[in-house]
Amino acid sequence: MYHKEKSIQIKSSASALYNNLSVLRIAPRCLTYFTVVHANVVNMVSASWDGLNFSHRQLQSKEGNIAASSSLIMQASWCVLPSRELLVLTSQKGIQMYESDGSIMVYWHALDNPETPTAQAVFARGIAAVRENYICVGISSGSVLVFDIPSKGSNVMLSEVLEEHRDAVTDMASECSGSLEYMADLVTADDSGLLCVWKSGEDFQLLHKIPGFDVSCSSVKLWKGTVAAGYGTGQIRIYEAVTGIVHAEVNAHARWIYSLDIAPFSGLLLSGAEDSLVRVWHLTMNPDANSVEVEHLYSECITDTQICGAKFCDGDGYAFAVTGE
Amino acid sequence: CERSCLPMHFIHIWQMSLFLRLTLESKLNSSFIFFMNDIITTMFNKKFLDELFKPQELYSKKALRTVFDRLAHASIMRLNQASMDKLYDLMTMAFKYQVLLCPRPKDILLVSFNHMDAIRDFVRDTPSILSQVDETYRQLIEMYTPLSGGEFQLIRQTLLIFFQDMHIRVSIFLKDKVQNSNGRFVLPTSGPVPFGTQIPGLIRMFSCSGDEVKRVQFRSAGNYSSALREGSFEMYGERVIKLGTNMYSVSRPVETHMSGASKNSAQHTKVSTAPNPLAKEELNLLARLMGGLEVRKPANPDSRFRVNLFATDEEEEEALISRPDELSYEVINIQATKDQQANAELARIMGEFTEQEEPSASPSSKGDDLLAMMDGLC
């Protein structure tokens with residue numbers, strides 16, 4: 001079903017972090033950007049579709065909005081909004097937002113780091129662009145920050161802080177079907193496996209809480225009102241977002257799942273885990289029966305590699321990219 | 001202590017443990033054993049541990065190496081720089097291997113307990129040191145058992161990031177086929193799944209009222225079996241996980257174990273008594289690491305004294321001549337240097353050593369002891 005193409009060399013190896021690959025397809029320029037986090041650095045490579053040209057860039061984590069920092073970057077992800085695309089980096093110190101090519105930092109948000117040591121590590125993790133103008137970012141305390149993004153310029157404002165999670169946020173995802181018919185705009189996940197489903201707006205509204213089972217949910221996607229969640233036990237669960245109904249349970253991997261992705265035009269689901277396997281599944285919606293079918297299509301073993309990032313390169317799922325160490 | 005320093009705790013505990021374990025398992029000579037109690041006393045001393053475990057938000061590889069150097073010096077051994085580097089690399093790769101291959105992130109605590117169990121076994125007849133080791137157990141249990149799987153994964157990720165890009169080839173690992181020739185560790189796609197995980201292969205689909213309506217098996221690729229029972233996180237108990245039980249047999253199962261929790265550490269680290277064909281190879285490796293081939297440097301005789309297995313050079317030569325050909329071991333030279341910065345305890349130990357005679361003073365019996373000991377390893 002898939003064949004392996006020539007690997008793209010990035011400047012340094014991928015760090016063992018959840019969802020450690022972000023892909024941005026720039027059709028007008030026949031380019032695809034890839035970003036991978038390595039400790040305190042983000043490696044960006046822009047690859048031409050003919051496979052002939054590659055250009056690299058590195059971004060570093062910051063302390064304050066100027067000084068370079070050795071603090072770890074937890075995640076880097078492109079946020080695609082109708083008006084613009086921003087590259088968002090989350091670290092132990094704060095949140096950095098760049099123009100999509102990484103050339104200019106548009107906004108810096110510092111995390112509250114108390115003077116005296118606290119009981120918990122502090123970091124930001126979990127990034128999603130929501131609807132017209134929001135970018136949401138999760139925090140280790142469980143808070144979700146909602147930023148209001150102007151259509152251009154750097155006048156980003158913190159609009160709201162959502163406090164539903166008690167454990168560190170792991171990942172979040174916005175509805176990716178492109179359709180407005182679904183109520184849920186955003187799903188957020190945390191280390192206890194709790195999933196919160198939200199409707200966006202001036203005030204975000206909590207639609208539903210899907211309880212965890214004391215297992216971390218490390219990666220989550222939202223498509224056609226359906227949540228796909230990957231867990232530390234290697235299981236994938238498919239839920240109806242607004243009700244929490246379980247559509248399917250898949251014993252998908254033998255180790256911790258690190259990355260999920262959905263190709264919105266085809267309903268293909270991609271999963272990558274520490275067990276060295278990348279798997280492709282197909283989700284079929286049965287709206288009449290209010291059920292979802294899951295079918296396994298393909299598996300690929302990346303020998304001696306614990307996968308940390310797996311993403312489709314296009315909306316149909318014709319190609320996918322994988323990172324690991 | 002701030003949680004961001006927790007990964008550092010693990011590194012320190014493991015560094016100490018691995019260092020001790022390497023020394024223990026090398027079984028190089030009985031003189032080492034003489035020092036072991038003092039080493040363990042120093043390492044598990046509360047003040048020493050407190051200083052090691054001071055919260056450090058940003059730690060560097062350099063800082064870590066400094067701690068290792070201090071530990072090595074605390075054991076009085078003075079290895080040359082190249083040997084120190086090699087020993088450090090070996091320890092680092094062993095540590096990385098154990099972190100990488102832990103089935104669940106929480107299992108890194110079980111692996112730590114495996115190391116601790118071996119140390120405790122060694123000091124079980126010395127109550128004062130035993131109580132220090134037990135105190136360390138208690139601290140580990142108190143600090144780590146409340147953490148969730150996700151928090152352990154964060155610790156594990158931080159450790160893996162710290163040791164990212166280290167692909168030093170270690171001959172024991174290459175021989176055991178746990179490491180490839182490119183330095184990457186072999187990740188098995190078979191064996192028991194981690195505790196709490198199901199064997200991959202099953203898809204279950206439900207109706208909106210919660211009834212299972214369909215079950216499909218998919219071909220899993222990989223050859224997994226059911227999870228073993230969960231290891232014990234208590235002071236005593238069977239850890240189940242084999243990682244960290246024997247430094248030189250990382251992939252070999254331990255021959256014997258006692259079922260159920262038991263007061264005496266159930267996880268025995270001794271390999272079977274059948275001759276270990278790799279023991280000689282391992283000893284040679286460690287001898288090379290320790291700079292066994294180094295000729296004693298004619299350094300400033302005032303500032304250093306030499307600790308050797310034999311009382312005189314003549315005796316050493318005698319032993320070399322009388323050793324059977326098939327035992328091609330190098331003599332291990334341990335050079336202890338009087339270090340101006342050594343703490344009082346260290347100086348005391350060194351002072352004791354220089355002033356005392358070895359209990360069984362007769363030269364020829366020392367040589368025989370050495371040969372007998374080496375014979376026993378084959």
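By convention in this document, chain letters (A, B, ...) are assigned in the order of the sequence lines, proteins followed by strands, and residues within each chain are numbered from 1.
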Give, as side chain, backbone, both or neither, the part of A:Thr305 having an atom under 4.5 angstrom from any heavy atom of chain B. both

Least distance between heavy atoms, B:Ile161 atom then A:Ala39 atom: CG2-CB, 3.8 Å

Can you tell which part of A:Glu293 gets under 4.5 Å to a heavy atom of chain B, answering side chain, backbone, both or neither? both

Is a side-chain donor-acceptor pair under 3.5 Å present for B:Asp165 with A:Ser13? yes

When the 4.5 angstrom heavy-atom criterion is applied to B:Arg184 and chain A, the contacting part is side chain

Non-hydrogen atoms of chain B under 4.5 Å away: do they reach the side chain of A:Ala252, the backbone, both or neither? backbone

Quick one: what part of A:Tyr258 sits under 4.5 Å from any heavy atom of chain B, side chain, backbone, both or neither? side chain

Got a donor-acceptor contact below 3.5 angstrom from the A:Glu325 side chain to the B:Gln164 backbone? no

Find the distance between CG (A:Leu17) and CD (B:Gln153) and round it off to the nearest 0.5 Å. 9.5 Å

Is it the case that atom CZ in B:Arg219 sees more than 12 heavy atoms from other parts of the structure closer than 6.0 Å? no

I want to check something: taking the side chain as every heavy atom from C-beta on, are A:Arg255 and B:Pro194 in contact at a cut-off of under 4.5 Å? yes

Among the listed options A:His247, A:Met74, A:Gln235, A:Glu240, the residue most often paired with chain B at heavy-atom distances under 4.5 Å: A:His247

Give the minimum heavy-atom separation between B:Cys208 and A:Ala289, together with the two atoms involved. SG-O, 4.2 Å

Just checking B:Gln217: does its CD atom have more than 12 heavy atoms from other residues, nucleotides or ligands closer to it than 6.0 angstrom? yes

Taking every heavy-atom pair that is under 4.5 Å apart, which of B:Val213, B:Val216, B:Ile203, B:Asn180 has the most such pairs with chain A? B:Ile203

Check whether more than 12 heavy atoms from other residues, nucleotides or ligands sit under 6.0 Å from atom CD of B:Glu234, and answer yes or no. no

Is A:Leu277 in contact with chain B via its backbone, its side chain, both, or neither, using a 4.5 Å heavy-atom distance? side chain

Portion of A:His296 that has a non-hydrogen atom of chain B nearer than 4.5 angstrom: both

B:Tyr224 versus chain A, the contacting section by heavy-atom distance below 4.5 Å: side chain

In plain terms, say whether B:Arg156 and A:Glu274 are close enough for a salt bridge, that is, a side-chain N and a carboxylate O under 4.0 Å apart. yes

With rounding to the nearest 0.5 angstrom, report the OG to CG distance, B:Ser209 to A:Asn290. 10.0 Å

If you count heavy-atom pairs under 4.5 Å with chain A, which of B:Ser148, B:Gly150, B:Pro105 comes out on top? B:Gly150

Where on B:Leu100 is there a heavy atom nearer than 4.5 Å to chain A: the side chain, the backbone, both, or neither? both

Chain B contact via A:Val292 - side chain, backbone, both or neither, heavy atoms under 4.5 Å: backbone

Can you tell me how far OG of B:Ser207 sits from CD1 of A:Ile245, rounded to the nearest 0.5 angstrom? 8.5 Å

Residue list, side-chain hydrogen bond (donor to acceptor under 3.5 Å, both in side chains) with B:Thr145, at least two apart or on another chain: none

For the residue pair B:Phe218 and A:Asn251, what are the closest heavy atoms and their distance? CZ-O, 3.5 Å

Per-residue tally against chain B (heavy atom, under 4.5 Å) across A:Ile236, A:Asp191, A:Thr303 peaks at A:Asp191

Between A:Tyr231 and chain B, which part of the residue has a heavy atom less than 4.5 Å away: side chain, backbone, both or neither? neither

Do the side chains of B:Thr197 and A:Trp256 get nearer than 4.5 Å, heavy atoms only? no

Provide the closest heavy-atom pair for B:Leu154 versus A:Ala121 in the form atom of the first, atom of the second, distance. CD2-CB, 4.4 Å

Donor-acceptor check, side chain of A:Arg279 to backbone of B:Ser220, threshold 3.5 angstrom: yes or no? yes

Where is the tightest heavy-atom contact between B:Val186 and A:Asp304, given as atom of each residue plus distance? CA-OD1, 3.4 Å

Looking only at non-hydrogen atoms, find the nearest pair between B:Gly196 and A:Thr233 and report the distance. O-CG2, 3.3 Å

Atom CG in A:Asn20, atom CD in B:Gln157: separation rounded to 0.5 Å? 9.5 Å

Is the closest side-chain heavy-atom distance between A:Glu249 and B:Met205 below 4.5 Å? no

Residues A:Leu72, B:Thr158; criterion side chain to side chain contact (heavy atoms under 4.5 Å, CB included); working and verdict: CA-CA 9 Å; A:Leu72 295 180; B:Thr158 311; 4.3 Å; yes

